[in-house]
Amino acid sequence: MKPCYCINPNCYQPDHPSNNNSNTRYCQSCGSELLLNGQYRVSRLLSDTTGFGVVYEAFEGFTAKILKVLQEKWNNDPKAVELFKREYDVLLELSRQNVTGVPRADAYFQYSTREGKILHCLVMEKVEGINLEQWLNQYDSLSQKRAFKWLREITLILDKIHQQNWLHRDIKPPNIMLRNSGELVLIDFGTAREETQTYHQKVKGQQVTGIISRGYTPNEQQHGQAVIQSDFHALGRTFVPLLTGKHPLEIYDAVNDVLSWREETENIHPLLLDFIDELMGRLPKNRPANTRVILQRLDEIERQLKLPPITPTITSPPPNPQPVVTQKQSPVIPKINSSVSPLDKTLTGHSYRVNSVVYSPDGRYLASGSLDKTIKIWEVATGKGLRTLTGHSGVVLSVAYSPDGRYLASGSQDKTIKIWEVATGKVRTLTGHSSEFLSVVYSPDGRYLASGSSDKTIKIWEVATGKELRTLTGHSMTVWSVAYSPDGRY
């Protein structure tokens, strides 16, 4: 059993066909809402263990969003509602100031269910990528070069946030996303607070909400007295696991109150280690005064080490997101020696003409579709043929990898699309065009397929169910090629 596509995290009924109808508003099993505010369609539960909210993936049309819903038990707690709404207020203000490196605010609304319950809902941009805690699970630790780049990039994001008089107050690896395009994004502003407000509350003796993430939060913040240097302490602590592969609490000596982290690093210059220790100074006055000082210090260290200047890319959401690399090594772009012919190897094995080739998202494999009605999977590094997929009764005209690299879609002259699980060779078949499939392409989020055919139409398919969602007509001749826009809307 798997969670139903509704806003009830306890609904574990099988998929209901009627729930997939775009006009359906309520779950056919438990009666919970499927379409909120008339435009956001709940897709799946992402988490029900974060803060005050339950986090879902939702779609506005074909665009993925993050939907947060305040847990019902907090509905009558004004402080909880205030904290929950604060994330939207902060992101909206930062969006108005054109601050990049943070998710874009989309909407905040209260939704009344048919039972009369009020749902407090926050919708924001879904950052496609992985957080730095997940990155660590893939790559173990950070190189010095990337450490300089990421430290500078996060500081530039903080610089813009602090200029708006906001403190983030919860910087840690899970709250930093790495977009599929390589840019960092600071997320989870539910604990953020305006600096001037924090200061005035301290002066008046009012209680300030304490935000604690064990291993990252400095002492002054644990006592409800966060300042801008509190963010710097958490920033320094964030680089402890990134450089050692270990959570700060794993290497904390409680008896002597010492964080023994430096000896856990490899190939990191003492100047950078010293600076991270400075960021983690015991008292705020021992840490850098502001983000500009941090950037200046990074410049000085790079000059001393004679490193080439690094200019992090802090841009608006990526124009062309790429799937995340999943192997343990950091991705490397090979340099081409101009004195050597770029023709490296020739792959042979098909018995007839090859019609379509595509790289896997991580670049390690090639898939090819042929006139011999088969698909072959090749290992790029060796040129070795790993697998032949058979099942089409006609020529294979187009092949496409899913963004996560787990599946391969193929379009054929036999009027079918087949979706292959690459690791096992298991296959599903989609039918619907009245003539051959000439082109197939996955949407950027991997949820949909688009196909072009010589029957002069384009069809949109839901990958999970194999359901044909829409037929686009208007061409007067064969559709040879289809492509999705990077945001999946077009």
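Start at 1 with the first residue, then count along the sequence. Just so it is clear, the structure is predicted and the values come from calculations on it, not from any experiment.
- Rounding to the nearest 0.5 Å gives a distance of 6.5 Å between CD1 of Ile176 and CD1 of Ile171.
- Annotation: side chain of Val81 is in contact with side chain of His120 (closest heavy-atom distance under 4.5 Å).
- Here Arg44 pairs with Glu57 in a salt bridge; the nearest charged N to carboxylate O distance falls below 4.0 Å.
- Between Trp135 and Tyr139, the two ring planes are tilted [angle within 30° to 60°].
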- Just do the side-chain contact (heavy atoms from CB on, under 4.5 Å) check on Leu184 and Leu132 with the steps written out, would you? CA-CA 9 Å; Leu184 295 181; Leu132 296 194; 4.1 Å; yes
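- In terms of modelled atom types and a separation under 3.5 Å, the side chain of Ser143 and the main chain of Arg146 share a donor-acceptor contact.
- Residues Val482 and Ala450 approach most closely at CG2-O, 3.8 Å, considering heavy atoms.
- By the neighbour-count criterion of 12 heavy atoms within 6.0 Å, atom NZ of Lys373 is sparsely surrounded, having that number or fewer from other residues, nucleotides or ligands.
- Taking 4.5 Å as the limit, some side-chain heavy atom of Leu449 sits within range of a side-chain heavy atom of Ile417.
- The heavy-atom pair separating Ala64 from Glu128 by the smallest distance is CB-OE2, 4.1 Å.
- Counting only N and O atoms by type, the side chains of His433 and Thr457 include a donor and acceptor under 3.5 Å apart.
- In this structure, Val240 and Leu243 have side chains that are not in contact, with every pair of non-hydrogen atoms separated by 4.5 Å or more.
- Side-chain N or O atoms of Asp106 include none that pairs as donor or acceptor with a backbone N or O of Met124 at under 3.5 Å.
- Lys459 contributes atom NZ, which lies 3.0 Å from atom OG1 of Thr471 (distance to the nearest 0.5 angstrom).
- Between the side chain of Asn175 and the backbone N or O of Asp170, at least one donor-acceptor pair lies under 3.5 Å.
- Taken to the nearest 0.5 Å, the OG atom of Ser453 stands 6.5 Å off from the CZ atom of Phe437.
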- Message: One pair to check against side-chain contact (heavy atoms from CB on, under 4.5 Å): Ile187 and Val102. What are the steps and the verdict?
- Response: CA-CA 6 Å; Ile187 64 170; Val102 299; over 6 Å; no
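- Salt-bridge check for Lys68 with Glu87: passed, with a basic side-chain N closer than 4.0 Å to an acidic carboxylate O.
- For the pair Thr374/Leu389, no side-chain contact is recorded, criterion being any heavy-atom separation below 4.5 Å from C-beta on.
- Distance alone, capped at 3.5 Å, places no donor-acceptor pair between the Asn355 side chain and the Gly369 backbone.
- Asp362 places no side-chain N or O within 3.5 Å of a backbone atom of Gly405 that could act as its donor or acceptor partner.
- No hydrogens or angles considered: a donor-acceptor pair under 3.5 Å links the side chains of Thr291 and Asp159.
- Classified by interplanar angle (parallel below 30°, tilted 30° to 60°, perpendicular above 60°), the ring pair His247/Tyr216 is perpendicular.
- Taking all atoms of both residues into account, the shortest heavy-atom contact from Gly53 to Gln71 is O-NE2, 3.9 Å.
- Glu183 has its side chain out of reach of Leu178: every pair of non-hydrogen atoms, C-beta onward, lies at least 4.5 Å apart.
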- Show the numbers, then the answer: is there a side-chain contact (heavy atoms from CB on, under 4.5 Å) between Ser141 and Leu242? CA-CA 5 Å; Ser141 63; Leu242 290 177; over 6 Å; no
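- For the pair Lys85 and Tyr108, the cation sits on the ring face: its NZ or CZ lies under 6.0 Å from the ring centre, inside 45° of the axis.
- Counting heavy atoms from C-beta on, the side chains of Ser398 and Leu438 never come closer than 4.5 Å.
- Using modelled atom types, one side-chain atom of Ser402 and one backbone atom of Tyr407 make a donor-acceptor pair closer than 3.5 Å.
- Listed for the His168 side chain is no donor-acceptor partner under 3.5 Å among the backbone atoms of His162.
- Arg152 has a carboxylate O that lies under 4.0 Å from a charged side-chain N of Asp299, or vice versa, which qualifies the two as a salt bridge.
- Looking at heavy atoms from C-beta onward, Phe59 lies out of side-chain contact with Val42 at the 4.5 angstrom threshold.
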- Query: Going through the distances and angles, do Trp420 and Ser410 end up as a side-chain hydrogen bond (donor to acceptor under 3.5 Å, both in side chains)?
  - Reply: CA-CA 8 Å; Trp420 312 81; Ser410 56; 2.8 Å; yes
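- A donor-acceptor contact shorter than 3.5 Å is absent between the side chain of Ser439 and the backbone of Gly452.
- The number of heavy atoms from other shown groups lying within 6.0 Å of CZ (Phe109) is above 12.
- Pro403 and Pro361 get closest at one heavy-atom pair: O-CG, 3.3 Å.
- Arg292 CZ: 12 or fewer foreign heavy atoms inside a 6.0 Å radius.
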- Using the side-chain contact (heavy atoms from CB on, under 4.5 Å) rule, take Leu45 and Val54 through it: C-alpha gap first, then chi angles, then the decisive distance, then the call. CA-CA 8 Å; Leu45 174 69; Val54 181; 3.4 Å; yes
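- In this structure, Asn131 and Pro173 approach most closely via the heavy-atom pair CB-O, 3.8 Å.
- A salt bridge is defined here as a Lys NZ or Arg NE, NH1 or NH2 lying under 4.0 Å from an Asp or Glu carboxylate O, and Glu153 with Arg179 fails to meet this definition.
- Taking CD1 of Ile460 as the reference point, atom OG of Ser451 lies at 7.5 Å (rounded to 0.5 Å).
- In this structure, CD1 in Ile294 is found 7.0 Å from CG in Leu151, a value given to the nearest 0.5 Å.
- Residue Ser435 comes nearest to Asp455 through the heavy atom pair CB-N, 3.8 Å, listed as atom of the first residue, atom of the second, then distance.
- The residues Arg169 and Asp231 are annotated as not salt-bridged, no charged nitrogen and carboxylate oxygen being separated by less than 4.0 angstrom.
- Under 3.5 Å, the side chains of Ser454 and Thr478 contain no donor-acceptor pair of N or O atoms.
- Ion pairing between a basic and an acidic side chain is recognised when a charged N comes within 4.0 Å of a carboxylate O; Glu72 and Lys117 show such pairing.
- Although no hydrogens or angles enter the test, the distance criterion places no donor-acceptor pair under 3.5 Å between the side chain of Gln413 and the main chain of Gly394.
- Counting only N and O atoms by type, the side chains of Glu60 and Thr63 include no donor and acceptor under 3.5 Å apart.
- Residues Tyr40 and Leu67 are not in side-chain contact: their nearest non-hydrogen atoms beyond the backbone lie 4.5 Å or more apart.
- Taken to the nearest 0.5 Å, the NE2 atom of His350 stands 5.5 Å off from the CG atom of Asp372.
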